[in-house]
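The shown structure was predicted, so the numbers you read here are calculated from the model rather than taken from an experiment.
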Amino acid sequence: QVQLVESGGGLVQVGNSLRLSCAASGDIFSISVMGWYRATPGNQRDLVAVIDTIGSTNYGTTNYADSVKGRFTISRDNAKNMVYLQMNSLKPEDTAVYYCNAVSRDFKAIYWGQGTQVTVSS
């Protein structure tokens, strides 16, 4: 089992920055990929960014949604079992609940954090 706890959400103005953090605990070495997803009311969770972790053969590889490329950066600190999402040049359409996600090496287990609200005001 893996537990994920997000932090760092809040209210920011257009053009400003915010950094989200995700603390992972439990069976960390079973994880292959970690990432961030976001959801607005009534909609499904959409991928924002993912990164291959130490348990993956593609260690360090990142992928981003087109809507955030060039503005958001995902990173990880393996020593601290943390994953971060640096969000720059925020737009109102970035407003959503952001969820940390982890996938096991065999892709049979998917874990989610409780979510953190990000609101971008114009």
Side-chain angles (χ1 to χ4, degrees):
Q1 287 289 321
V2 173
Q3 295 77 43
L4 304 172
V5 179
E6 304 99 333
S7 61
L11 173 64
V12 295
Q13 292 188 327
V14 169
N16 282 0
S17 300
L18 205 60
R19 189 177 84 155
L20 304 182
S21 300
C22 175
S25 61
D27 191 10
I28 303 300
F29 292 102
S30 70
I31 297 172
S32 175
V33 179
M34 292 189 70
W36 292 92
Y37 288 68
R38 65 187 181 188
T40 54
N43 295 311
Q44 65 181 18
R45 296 176 187 179
D46 292 324
L47 182 145
V48 176
V50 292
I51 185 167
D52 283 68
T53 67
I54 197 167
S56 170
T57 56
N58 298 315
Y59 177 59
T61 300
T62 58
N63 282 290
Y64 297 90
D66 288 342
S67 59
V68 306
K69 283 181 180 177
R71 300 188 298 122
F72 291 12
T73 302
I74 188 170
S75 62
R76 78 270 181 263
D77 184 330
N78 292 326
K80 296 181 178 179
N81 295 329
M82 298 288 294
V83 173
Y84 305 99
L85 184 68
Q86 178 66 44
M87 305 185 293
N88 299 328
S89 302
L90 283 162
K91 305 175 180 180
E93 51 264 42
D94 295 318
T95 295
V97 177
Y98 285 71
Y99 297 90
C100 183
N101 166 274
V103 180
S104 64
R105 293 186 193 180
D106 59 8
F107 300 99
K108 291 183 178 179
I110 300 175
Y111 305 97
W112 295 96
Q114 81 286 354
T116 184
Q117 177 71 46
V118 172
T119 303
V120 184
S121 65
S122 56

Work out which heavy atom in [X] is nearest to a heavy atom in [Y]; give both atom names and the distance.
X    : Y   : answer
M82  : S21 : CE-CB, 3.7 Å
A102 : I31 : CB-CD1, 3.9 Å
V118 : L20 : CG2-CD2, 4.0 Å
V2   : D27 : CG2-O, 3.5 Å
A49  : Y64 : CB-CD2, 3.5 Å
A96  : A39 : CB-O, 3.4 Å

Tell me if a side-chain donor or acceptor on [X] pairs with a main-chain N or O of [Y] at a distance below 3.5 Å.
X    : Y    : value
E6   : Q114 : yes
R105 : V33  : no
T73  : Q86  : no
T95  : T119 : no

Give me each pair satisfying salt bridge (charged side-chain N to carboxylate O under 4.0 Å, His left out) with a member in residues 79-94, each pair once, sequence neighbours excluded. R38-D94, R71-D94
When rounded to the nearest 0.5 angstrom, what distance separates [atom1] in [X] from [atom2] in [Y]?
X    : Y    : atom1 : atom2 : answer
C100 : Y111 : SG    : OH    : 13.0 Å
T40  : D46  : OG1   : CG    : 7.5 Å
N63  : I51  : CG    : CD1   : 10.0 Å
D106 : S32  : CG    : OG    : 9.5 Å

Below 4.5 Å, heavy atoms only, C-beta onward: do F72 and L18 meet side chain to side chain? no
Is any side-chain heavy atom of M34 less than 4.5 Å from a side-chain heavy atom of C22? yes
Who passes side-chain contact (heavy atoms from CB on, under 4.5 Å) against A65, sequence neighbours left out? S67, V68
Cation-pi geometry met for R45 and Y37 (6.0 Å, 45°): no
So with a 6.0 Å cut-off around CD of Q1, is the heavy-atom count from everything else above 12? no
Full working for side chain to side chain contact (heavy atoms under 4.5 Å, CB included) between V83 and I74: CA-CA 7 Å; V83 173; I74 188 170; 3.9 Å; yes
Do V5 and Y84 belong to the same hydrophobic cluster, where Ile, Leu, Val, Met, Phe, Trp and Tyr are linked whenever their side-chain heavy atoms lie under 4.5 Å apart, directly or via other members? no
Look at the side-chain heavy atoms of Ile, Leu, Val, Met, Phe, Trp and Tyr, link any pair under 4.5 Å apart, and say whether L90 and V14 land in one connected group. yes
Decide side chain to side chain contact (heavy atoms under 4.5 Å, CB included) for L4 and Y99; before the verdict, give the C-alpha distance in whole Å, the side-chain angles of both, and the deciding distance to 0.1 Å. CA-CA 9 Å; L4 304 172; Y99 297 90; over 6 Å; no
